[in-house]
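Take a look at the structure set out below.
Atoms within a ligand are numbered from 1 in the order they appear, just like the ligands themselves.
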Amino acid sequence: MRPVGRGSAALAGIAAVAAGLGSAELVAGLVPQAPSLILAVGDFVVDNVPGPVEQWAIATLGTADKPVLIGGILVLSALFGALLGMLARRSAVLASGGIALFALLGVVAALADDRNPVFRTVLVGLVGAGVGIGVLYLLMVGLPRRAPADEPASTVDDEPGTAPALSPVDRRRFLAVTGGATVLGVLAGIGGYLLSGRERIAGLRAAVRLPAPVRQAGPVPAGADLEIPGLTPLFIPNEEFYRIDTALRVPVVDPADWQLEIRGMVDNPYTLTYAELMELPQIEADITIACVSNEVGGELVGNARWQGVPLRPLLERAGLQEGATQLIGRSVDGFTAGFPTLTALDVEEAMVAVAMNGEPLPAEHGFPARLIVPGLYGYVSATKWLSAIELTDWDVDGYWIPRGWAKEGPIKTQSRIDVPGPRATVAAGRTPIAGVAWAPTRGIERVEVRIDDGPWQEAELAAPYDVDVWRQWMLPWEATPGRHVIAARATDGAGEVQTDQRTPVAPDGASGYPIIEVVVE
Ligand SMILES: Nc1nc2c(c(=O)[nH]1)N[C@H]1C(S)=C(S)[C@@H](COP(=O)(O)O)O[C@H]1N2
Ligand SMILES: [Mo]
């Protein structure tokens, strides 16, 4: 007998999966270090998809890549739930097995990451499977049994002719329980997510007292920010700063438990606690960082005031061994990025950063500590949630290298047109063309603008400030009605003109002129 129609069964299956997943998330949020199985599956995908697919996701989805991945997992889970619900009409036991298998998948994905504690991971899986199976039984076995046997079968079901047996009353109850279980599951899931860290990090950050730097950045000269409406400001506020990383959930690191190991090819490996790190002399520096995945004209670049401990004295204290040609930053989440040790020694402002724009690092930007190295793309240098600095030879590869990215990642000289905005319509007459250009460690010496097929015209540069910081530029333009194509190119402090050779972001960063199209009316 099949007392529940196919459509209702599908809904019941979705409710069971929602309740199971939601309660698993809640347990993950409540039990310290217990993993979210949804995020574990997501992590598993991120770590195991082929490099080109991951690059494609970052390129086309940008910072939306994570919500899209999680959304995809949830949609697939719901579909799986619907199938299980329908299977439960034939065999509730088999469908329960399906839920158990589903939970097992999450547990296996989580245990693939050896930082997840085994017992707590299994606990999350058991709760999820238990609640899911419980809800499925309640809906598919418990409720239908209560249908009064003597009442005639109603026709409310969506599968006429195959003996639907629920009375209208029971159907209402069935739908109420189904909807209730789904809603509770979703709420539990959201609750678990919230419990899992954000609030906690806010408290941990608020407790940090930043020491005064021994060397301050600035002062920023008047005229370093042209303050043209629509032009990117000199400093990007933390909340608006671009964020790129492989972490589906921001690691929650309590400074009280945090340690930084300096190890590998050194004579005196040592460990610093957060308190010890904060006692070392700190510098402040304004540095523009950029992502290798930034398309020409893209937003994956930003400038901030960083504060932290310079790398050089940290390395000198460790005593570098011969052949220690690479510095690898390792994150608490397993991410790694490596660059030449020489860069850490030569570039004075390369640092273990603890603050960004005057505040302890935001959670998304690496709290409590990260690396910042002027002149290098983030994927080889800017390890967030830093846990170790390892000195190795050049043969060891950081996270992105086997995934198809270049071993060395110097930031290419680039420029971007901010004003007029992309595909903007502007009024005829005098109007500014403005943007930013960057070549950290080399600085920007010149920016030129070309309108249609005209000559390259030299733009006015913002007051010189710091070679590590992007520089604003502006060209006043007598805009004439019609459609116009505007291109820009920068020349860096070494005299190198930005190339017009268009290359994709992989393997070592996009190149080519930024070009916009404007309609003047
Ligand atoms: N732990 C960790 N650190 C990381 C990454 C990451 O995936 N994990 N991504 C790097 C990359 S590719 C870039 S471009 C920068 C971005 O730093 P932001 O998010 O603070 O802008 O962080 C770097 N540090
Ligand atoms: Mo990046």
Side-chain angles (χ1 to χ4, degrees), residues 39 42-43 46-47 49 51 54-55 57-59 61-66 69 113 115 235-253 258 260 287-295 298-308 327-339 350-357 359-390 398-406 408-412 414 438 440 470 504-510:
L39 296 183
D43 279 329
V46 171
D47 286 345
V49 292
E54 197 171 359
Q55 286 150 34
I58 292 181
L61 305 171
T63 28
D65 57 347
K66 289 178 190 123
L69 174 61
D113 182 340
R115 285 166 298 131
F235 291 92
I236 304 288
N238 290 352
E239 310 72 53
E240 287 160 37
F241 208 92
Y242 86 87
R243 171 189 172 198
I244 288 292
D245 53 63
T246 59
L248 293 174
R249 179 157 73 180
V250 170
V252 182
V253 185
W258 180 85
L260 176 62
I287 298 162
T288 296
I289 66 169
C291 182
V292 69
S293 295
N294 193 37
E295 300 283 351
E299 303 276 333
L300 303 181
V301 52
N303 183 60
R305 175 159 295 182
W306 307 93
Q307 179 182 325
L327 189 162
I328 298 235
R330 182 175 292 278
S331 166
V332 300
D333 70 357
F335 175 87
T336 52
F339 57 93
M351 66 169 98
V352 176
V354 295
M356 181 178 183
N357 289 325
E359 287 176 23
L361 288 178
E364 293 79 6
H365 297 289
F367 182 78
R370 73 175 303 174
L371 291 177
I372 288 290
V373 183
L376 299 183
Y377 286 123
Y379 82 104
V380 289
S381 67
T383 306
K384 304 192 273 190
W385 314 290
L386 185 69
S387 63
I389 290 173
E390 278 171 22
Y399 181 87
W400 281 110
I401 311 310
R403 289 170 169 81
W405 295 84
E408 295 206 57
I411 297 179
K412 292 181 177 175
Q414 257 300 352
W438 60 92
W470 57 16
V505 294
D508 64 352

Side chain to side chain contact (heavy atoms under 4.5 Å, CB included) between Trp385 and Arg370, intermediate numbers included | CA-CA 6 Å; Trp385 314 290; Arg370 73 175 303 174; over 6 Å; no
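Atom 7 (O) of ligand 1 has its nearest heavy-atom neighbour, among Asn238, Val46, Thr246, Ile236, in Thr246. Nearest to atom 14 (S) of ligand 1 by heavy-atom distance, out of Tyr242, Trp400, Trp405, is Tyr242.
If you number the atoms of ligand 1 from 1 as listed, the ones under 4.0 Å from a heavy atom of Phe241 come out as 21 (O). Listed by atom number, the atoms of ligand 1 under 4.0 Å from Cys291 heavy atoms are 14 (S).
By the criterion of a heavy-atom distance under 4.0 Å, the side chain of Ser331, and not its backbone, is placed next to ligand 1. Within the 4.0 Å heavy-atom criterion, neither part of Tyr399 lies near ligand 1. Counting heavy atoms closer than 4.0 Å to ligand 1, residue Asp333 contributes side-chain atoms (C-beta onward) but none from N, CA, C or O. Of all the heavy atoms of Trp385, the ones lying under 4.0 Å from any atom of ligand 1 belong exclusively to the side chain.
For atom 4 (C) of ligand 1, the nearest protein heavy atom (residue, atom name, distance) is Phe335 CE2, 3.5 Å. Closest to atom 9 (N) of ligand 1 among all protein heavy atoms lies Ile244 O, 3.3 Å. The shortest contact between atom 17 (O) of ligand 1 and any protein heavy atom is with Arg370 NH2, 3.0 Å.
Not a single heavy atom of Met356 sits closer than 4.0 Å to an atom of ligand 1.
Of the N or O atoms in His365, one or more lie within a sub-3.5 Å distance of an N or O in ligand 1. Taking any N or O of Glu364, backbone or side chain, none lies under 3.5 Å from an N or O belonging to ligand 1. Among the atoms of Ala382, some N or O lies under 3.5 angstrom from an N or O of ligand 1.
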